[in-house]
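Bear in mind the structure is a predicted one, so any value in this text is a computation, not a measurement.
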Amino acid sequence: MLDDGPRTVQEVALAGGRFAMGDAFDEGYAQDGEVPVHAVRLSPFAIDATTVTNTEFARFVEATGYRTESEVYGYSAVFHLLVRAPKRDIVGSAEGAGWWLTVRGADWAHPHGAESSWRDAADHPVVQVSWNDAQAYCAWAGRSLPTEAQWEYAARGGLESRRYPWGDELHGPDGEHLCNIWQGEFPTRNTLGDGFLGTAPVTSFPPNGFGLHEVSGNVWEWCADWFLPKYYRNSPDADPAGPSIGRGRVMRGGSFLCHDSYCNRYRLSARTSNSADSASSNTGFRTVARAG
């Protein structure tokens, strides 16, 4: 039995305010719509200091009996070097991205296949959760997914127009790694320079100026918004909630698979999307306090 007390994820209360949202360096992917940089004003809100962990998600499942979409479908996407399953459970791969394998039995409780368990990574981000699964957790916890604007404001930690939560250079002054991304030759050789092949525990790297951990790298994080690349051109400046339609749901932050050679979306302004029922071994979420 798991503890049925309060949530195990700490949150940070933010006063809100104005910030410049978007790619100040104009180095993002044109199809992602990271520009123009635009002023945004946010009301006060509170956000999780870390992504929701396996332990916390397990409390939700135990309390509700919820079955994630990967469990219902019977399979999910696992990065090829992380698979922990019999060969018979590997039933396909992604076209044009063969490092993603479709693994039968992969789900939040078995993130890398039937021979893996969330209990071996209890303090890691829960993964293999779709946007719909994240919404179900939020409904149980009395929380919400952050809007994309809330996410970026919180991730910036009070730094204006910087690439990363700590500044503009990828590494620290002594060459230390400040986030969990890929090192080496993607997708076949990871030197493990930052210590991790897959996810890292949720407080493995220093927090940003607001006290948030791992907002660059580790896992992609679902946001509430629909994804529309041209949205920034005419988005409202006060508490933008995203467009009314779009191509999937916004994901932010990058993951342990991001590498400058093909995907530098671990920058603070970077954005991408996926369908609301998609899940993978590098996607999780954090939440905000529900308004009102």
Side-chain angles (χ1 to χ4, degrees), residues 7-25 27-28 34-35 37-53 123-125 143-181 194-196 199-225 232 237-240 250-256 258 264-271 284-289 291:
R7 292 181 75 236
T8 59
V9 182
Q10 295 184 341
E11 71 173 12
V12 175
L14 300 177
R18 295 181 67 86
F19 79 108
M21 184 174 182
D23 177 16
F25 299 90
E27 59 191 5
E34 293 182 39
V35 292
V37 175
H38 55 290
V40 170
R41 184 175 74 255
L42 292 176
S43 302
F45 65 101
I47 187 169
D48 292 339
T50 71
T51 52
V52 171
T53 63
D123 59 349
H124 288 230
R143 311 282 293 179
S144 301
L145 289 176
T147 66
E148 187 177 13
Q150 287 176 325
W151 189 95
E152 185 171 327
Y153 175 80
R156 289 191 176 279
L159 296 182
E160 188 75 11
S161 300
R162 297 300 185 93
R163 283 192 180 91
Y164 310 113
W166 53 85
D168 292 335
E169 300 301 321
L170 181 58
H171 299 100
D174 297 319
E176 67 270 28
H177 293 276
L178 298 173
C179 63
N180 177 18
I181 57 175
D194 59 19
F196 303 100
T199 59
V202 295
T203 58
S204 294
F205 296 90
N208 72 3
F210 288 159
L212 275 67
H213 291 268
E214 284 87 49
V215 287
S216 283
N218 214 24
V219 294
W220 283 106
E221 300 181 24
W222 289 113
C223 291
D225 310 33
Y232 287 2
D237 65 349
D239 295 316
V250 170
M251 300 192 303
R252 285 300 208 107
S255 82
F256 61 83
C258 284
N264 68 346
R265 292 187 178 95
Y266 43 87
R267 296 169 296 104
L268 287 170
S269 62
R271 56 202 304 257
F285 67 101
R286 75 180 72 212
T287 72
V288 296

Output yes when Arg163 and Glu169 qualify as a salt bridge under the 4.0 Å nitrogen-oxygen rule, no when they do not. no
What pair of heavy atoms forms the shortest contact from [X] to [Y], and how long is it?
X: Tyr266; Y: Cys258; value: CD2-CB, 3.4 Å
X: Glu34; Y: Gly28; value: OE2-CA, 3.4 Å
X: Gly167; Y: Leu159; value: N-CD1, 3.9 Å
X: Asp48; Y: Leu212; value: O-CG, 3.9 Å
X: Pro146; Y: Trp222; value: CD-O, 4.1 Å
X: Val40; Y: Ala149; value: CG1-CB, 4.2 Å

Given His171 and Leu178, is the side-chain contact (heavy atoms from CB on, under 4.5 Å) satisfied, shown in steps? CA-CA 6 Å; His171 299 100; Leu178 298 173; 5.9 Å; no
Could you check whether any side-chain N or O of [X] sits under 3.5 Å from a backbone N or O of [Y], counting only pairs where one atom can act as donor and the other as acceptor?
X: Arg286; Y: Ala49; result: yes
X: Asp23; Y: Val37; result: no
X: Asn180; Y: Ser204; result: no
X: Asp225; Y: Glu148; result: yes

I'd like to check [X] versus [Y] (side-chain heavy atoms, cut-off strictly below 4.5 Å). Are they in contact?
X: Tyr164; Y: Asn208; answer: no
X: Pro165; Y: Phe210; answer: no
X: Val288; Y: Glu11; answer: no
X: Phe256; Y: Pro125; answer: no
X: Asp194; Y: Phe205; answer: yes
X: Arg265; Y: Met251; answer: no

How many angstroms lie between atom CG of Leu42 and atom OG1 of Thr147, to the nearest 0.5 angstrom? 6.0 Å
Rounded distance (nearest 0.5 Å) linking atom OH of Tyr232 with atom CE of Met21: 3.0 Å
With sequence neighbours excluded, what pairs up with Phe19 under the ring pair (Phe, Tyr, Trp, His ring centres under 6.0 Å) test?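 Partners of Phe19 by the ring pair (Phe, Tyr, Trp, His ring centres under 6.0 Å) criterion, ordered by chain and then number, come out as Tyr153.
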Report the residues that fulfil ring pair (Phe, Tyr, Trp, His ring centres under 6.0 Å) with His213, sequence neighbours left out, ordered by chain and then residue number.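 Residues passing ring pair (Phe, Tyr, Trp, His ring centres under 6.0 Å) with His213: none at all.
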So among Arg162, Arg271, Arg252, which one has a salt bridge (Lys or Arg N to Asp or Glu O under 4.0 Å) with Glu152?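 For Glu152, the salt bridge (Lys or Arg N to Asp or Glu O under 4.0 Å) check succeeds only for Arg252.
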Decide yes or no on side-chain contact (heavy atoms from CB on, under 4.5 Å) for Ser269 and Arg156, but give the supporting numbers first. CA-CA 9 Å; Ser269 62; Arg156 289 191 176 279; 3.8 Å; yes
Could you walk me through whether Glu221 and Thr51 pass side-chain contact (heavy atoms from CB on, under 4.5 Å), step by step? CA-CA 8 Å; Glu221 300 181 24; Thr51 52; 3.5 Å; yes
Side-chain H-bond candidate by donor/acceptor type, Asp239 with Ser43, under 3.5 Å: yes
Check this for me: Glu27, atom CD, are more than 12 non-hydrogen atoms of other residues, nucleotides or ligands nearer than 6.0 Å?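 Correct, the count exceeds 12.
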Going through the checks in order, is the side-chain contact (heavy atoms from CB on, under 4.5 Å) test met by Ile47 and Thr287? CA-CA 6 Å; Ile47 187 169; Thr287 72; over 6 Å; no
